[in-house]
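Residue numbers begin at 1 in each chain, while the letters A, B, ... track the order of the sequences. Quick caveat, the model's predicted, so the values are computed rather than measured.
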Amino acid sequence: MAVLEKAAGNETLLEVENLKKYFLAKKGMLSSQTAWLKAVDDVSFNINKGETLGLVGESGCGKTTIGRTILHLYEPTSGTVKFKGRKIDKHSIKTLRRHMQIIFQDPFASLNPRMTVGDIIGEPLDIHNLAKTKNERKDRILALLEMVGLNPEHANRYPHEFSGGQRQRIGIARALAVEPEFIVCDEPISALDVSIQAQVINMLEDLQQELGLTYLFIAHDLSVVKHISDRVGVMYLGKLVELSPSGKLYKNPLHPYTKALLSAIPVPDPNLSRSRKRIILEGDIPSPINPPSGCRFRTRCPHAKPICAEAEPVLKELEKDHFCACHLFDS
Amino acid sequence: MENNIVNKVANNARNEAEKRIIKIDTSSFEPVGKEERISTISSRENLTYWKDAWKRLKANKVAMISLYVIILITILSIVVPMVSPYSYSQQIRGDEFQRPNWKHWFGTDGLGRDLFVRVFFGTRISLGIGLVVSIMILIIGSFYGAISGLIGGKVDNIMMRLVEILYSIPVLLMIILMMVVLKEPLQQAFNKSAFLRSLSMVGPGLISIFLALSLFYWTDMARIVRGQVLSLKEQEYVTAATALGAGKLRIILKHLIPNCMGPIIVTTTFQIPSAIFTEAFMSFIGLGVDAPMASLGSLASDALNGIYSFPHLLLFPAIMISVIILAFNLLGDGLRDALDPRMRK
Amino acid sequence: MNKTLLDIQNLKVSFFTPAGEVRAVDGISYTLNAGEVIGIVGESGSGKSVSSYAVMRLIDPPGRIKEGKIMFNGMDLTQADEKTMQSIRGNEISMIFQDPMTSLNPVFRVGNQIIEAILKHQDVSRKEARQQAIEMLRLVGIPGPEKRIDQYPHEFSGGMRQRAMIAMALSCRPKLLIADEPTTALDVTIQAQILELMKELKQKINMAIILITHDLGIISDLCDRVIVMYAGKIVEEASIDDIFYNPKHPYTSGLLNSIPKLDADENQRLVPIEGNPVDLLNPPAGCPFAPRCKHCMRICLKENPPFYRVSDTQKAACWLLYKDNPEALEELGCIKEG
């Protein structure tokens, strides 16, 4: 993305350090025994101002949990998140909510069906007293609607009158109402029709340019993440296994899981589909309640060695800006 | 190859069936600008949740008839005692124990009181009890349930155990007890305070019915609202509101309660007849409103004395109770169908 | 030359809602040969699923097949009675669904569900049926099928359940398999396993497949031929190479342009299709895609375009094709120049 140059300032906006988030899980329906579901287990990364960091991974890898823990929608089990050097906790989040926002996956569940679009977009203004008068509030709402490509007359309508793509635009307008610097995009296009996805991606890119936004873009679709992100983190069972500039990740993936993930994507190109050989991973994703010892990917990894069961690989910088956690690269 | 020919034939046959003629000229292939293109999309009339529900309710004949019956009875219960030449407590000497006639449409009771006025006055009291009790249940139950569901965890546990304790007490017994216990202190309170004295018009019996019923009947509402809130609070729009910095009160008032309005309304509609019924029962066993005030239950109770000679004294209030309760129940069913989000496309 | 297995002629399916008639499928025709894999691609509301449910006669009220014929092996399924349909469903035509979590009954053992399906349609003993079920589970790559057959659905993971669903669907060796978004609910790596399995099965068992999906990548992986649907109508039908390398309908090319490609240049911007999906309660008068089409012409807003034969393997419904080559019209004699 062209934003790369802009991000060259390398001013860190968000620091995630050793973040862990465990959920309490019951072992069986009738048993009172409990266990910890390790949704996010010791993950660290930074996000620079103006860049888009993509997070990819399959269900249960913890990518959504990371996004929500950063916004303190979940209390972290341990570890810290710092926004502009300020630690996010119960108290600081109250003032930080204005600077950090979220866009959701499901455009049907994320808008209150009993509120008009104007009230949905106006709610953040009311909460933070951002509009002094009624007229100011109205003007702000109309400006936000225009910013996301909707008409002023849409303000008096209800969410169910809109299509998925339009609803997603409403959700984006709501997030933008507080003029945030950082937005967590939690699978914002997965629920949309193919022909609408590109509209939303382009709009997110335009808004980033105009408003200097920083994104954490969470998705399971690698081609989308590659397109929009400057850097991409690959997650597996609560761990970050690879982190790299997006171009490098696709040209030269290091971790066996990343390789498999890349080769698993069906490509809309019949000749390529016929010629390429897929890496098919054996088995299923293990449960995050009881993950494998050592490297969590070893049960499905085609290159697993004895050491993989014993020691947990650490995230190391193997090339410039290209991090990977795998024993294959132990020297 | 053969297959292709068969297809061709089939195609032609299809074309014969619906041959259309399309006229084209040179202007047909002129490009059309974006504005004009988009203007061809006509938007249909869109309905809000309430308009949509109203539309569905209107289509339900039984529910609509019930609604009209309820409205009619309500209006009559207000108007009849106002325009009638007799008052509900007026004893007309010489007119005792009359059968229905032109002077007294429903006849008169043993003290010469006009039953027509008394039945509609009693209806007014019964409907009033149903309404007031339901509103109190609505307020107590929905807030209790919403708070319990939203906070969750230990608080929810304690609050719900409390509900279960209330649930396990035989309600009728408690109501009887409370009415007996409350009657005296209420009477004293009326005598002391000038403000409360205005309430004494209503009578301590009626007020203790209000209190007793609403203090015990809100548990159903609380459970229903809690269940709704538990599922609603997982909705992303609630998470979105939290992420925007909304407080708990705002989430309850703006997001949770409006979205469980459907079940709340339905429960309230069913609550009204059940309160009327309980009151009628209380009055019937002599624990209800104080004479000369009448409710449908006390009217039925009074009628028992001369049931073999004057069955009409029982008949009219009994029919009125049945009609009211049936109408509210049928309306409640209709509302449930109309407001149920699963029915929405 | 292959034999025609399924011939759908001018099929119309409508849903009669309180708000009006929704023409979910609005006059589609296509044929499917034995052993052929056809992909139906389209967005939500395009009628791709409904058209296939119609083949199984699984349209529930307020929906109804309004018009048209569904010729399966020479028999018109729209006229068949329920008893005939029951003997066809699961036996000659099978279906696998999107959500493997809800399509297996949670209170019965996986094996029993497959065995029941076999016993219903085949004259075999329970023991033989069980043996067949184990073989089917082995065929779809479930390890240890002798043990797995007695487990309950909740003991299976998502990918395994979809395999079990496929085993059940294939247990009677159907002539036609309808796969409705079979991998949409699965993770990418699991999806790859299932796609690989389907490719394998396609070769092992000679059956025709209708694959319904919104993912063009899956289409390119599995299909021989593709039907592109928009607003209940077929807009383009072609061999897989024609669709991807030489799309003729602006909707098809729009779809191809709007998906990000892995090998694309980093700065390349996506080219979206503008506008919103059609409101089926209120469809436009002419070509349903016209309000969103960059090449929209005056006639597009008035008349729905007929099909044009681009080549022996490709046809599309678009007025641009008439403009380029009026001779290639399929519906002869319906155009009057004036």
*Considering only heavy atoms, give the residues of residues 238-247 of chain C separated from chain A by less than 4.5 Å, sorted numerically, with 'none' for an empty result.*
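Contacts with chain A: C:Ile240, C:Asp241, C:Phe244, C:Tyr245.
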
*Considering only heavy atoms, give the residues of residues 212-228 of chain C separated from chain A by less than 4.5 Å, sorted numerically, with 'none' for an empty result.*
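So the qualifying residues are C:His214, C:Asp215, C:Leu216, C:Gly217, C:Ile218, C:Ser220, C:Asp221.
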
Which atom pairs, one a donor and one an acceptor, fall under 3.5 Å between side chains of residues 187-198 of chain A and the rest of the protein, sequence neighbours left out?
residue: A:Glu187; atom: OE1; partner: A:Ser190; partner atom: OG; Å: 2.5
residue: A:Glu187; atom: OE1; partner: A:His220; partner atom: ND1; Å: 2.9
residue: A:Asp193; atom: OD1; partner: C:Ser44; partner atom: N; Å: 3.1
residue: A:Asp193; atom: OD1; partner: C:Ser44; partner atom: OG; Å: 3.1
residue: A:Asp193; atom: OD2; partner: C:Ser44; partner atom: OG; Å: 2.9
residue: A:Ser195; atom: OG; partner: C:Glu43; partner atom: OE1; Å: 3.3
residue: A:Ser195; atom: OG; partner: C:Glu43; partner atom: OE2; Å: 2.5
residue: A:Ser195; atom: OG; partner: C:Arg292; partner atom: NH2; Å: 2.9
residue: A:Gln197; atom: NE2; partner: A:Ile189; partner atom: O; Å: 3.2
residue: A:Gln197; atom: NE2; partner: A:Leu192; partner atom: O; Å: 3.3

Chain C contact via [X] - side chain, backbone, both or neither, heavy atoms under 4.5 Å:
X	answer
A:Leu281	both
A:Ser59	both
A:Ile265	both
A:Asp221	neither

_Exceeds 12 heavy-atom contacts within 6.0 angstrom, atom CD of A:Glu319_ =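 Enclosed: over 12 neighbouring heavy atoms sit under 6.0 Å from CD of A:Glu319.
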
*More than 12 foreign heavy atoms under 6.0 Å from CG of A:Asn151: is that the case here?*
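Result for CG/A:Asn151: enclosed.
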
_For A:Glu153, all residues meeting salt bridge (charged side-chain N to carboxylate O under 4.0 Å, His left out), sequence neighbours excluded_ =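 Result, salt bridge (charged side-chain N to carboxylate O under 4.0 Å, His left out) vs A:Glu153: none returned.
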
*Please check if the side chain of A:Gln199 supplies one atom and the backbone of C:Ile273 the other of a donor-acceptor pair under 3.5 Å.*
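Judged by distance alone, yes, a pair lies under 3.5 Å.
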
*Would you say C:Glu196's side chain and A:Arg278's backbone share a donor-acceptor pair under 3.5 angstrom?*
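No, because the side chain of C:Glu196 does not come within donor-acceptor range (under 3.5 Å) of the backbone of A:Arg278.
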
*Is there side-chain contact between C:Lys261 and A:His227, with heavy atoms separated by less than 4.5 Å?*
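Counting from C-beta outward, C:Lys261 and A:His227 never come under 4.5 Å.
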
*Do the non-hydrogen side-chain atoms of A:Arg300 and C:Thr189 ever get within less than 4.5 Å of each other?*
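Yes; the side chains approach each other to less than 4.5 Å.
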
*Atom CZ in A:Arg169, atom CG in C:Asn276: separation rounded to 0.5 Å?*
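Nearest 0.5 Å value for the CZ-CG distance: 7.5 Å.
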
Quick one: of [options], who has the most non-hydrogen atom pairs under 4.5 Å with chain C?
options	result
A:Val267, A:Asp269, A:Val224	A:Asp269
A:Ile285, A:Val200, A:Asp206	A:Asp206
A:Pro270, A:Ser223, A:Ser263	A:Pro270

*Carefully, step by step, assess C:Arg269 and A:Ile201 under the rule side-chain contact (heavy atoms from CB on, under 4.5 Å).*
CA-CA 9 Å; C:Arg269 223 174 131 78; A:Ile201 293 176; over 6 Å; no

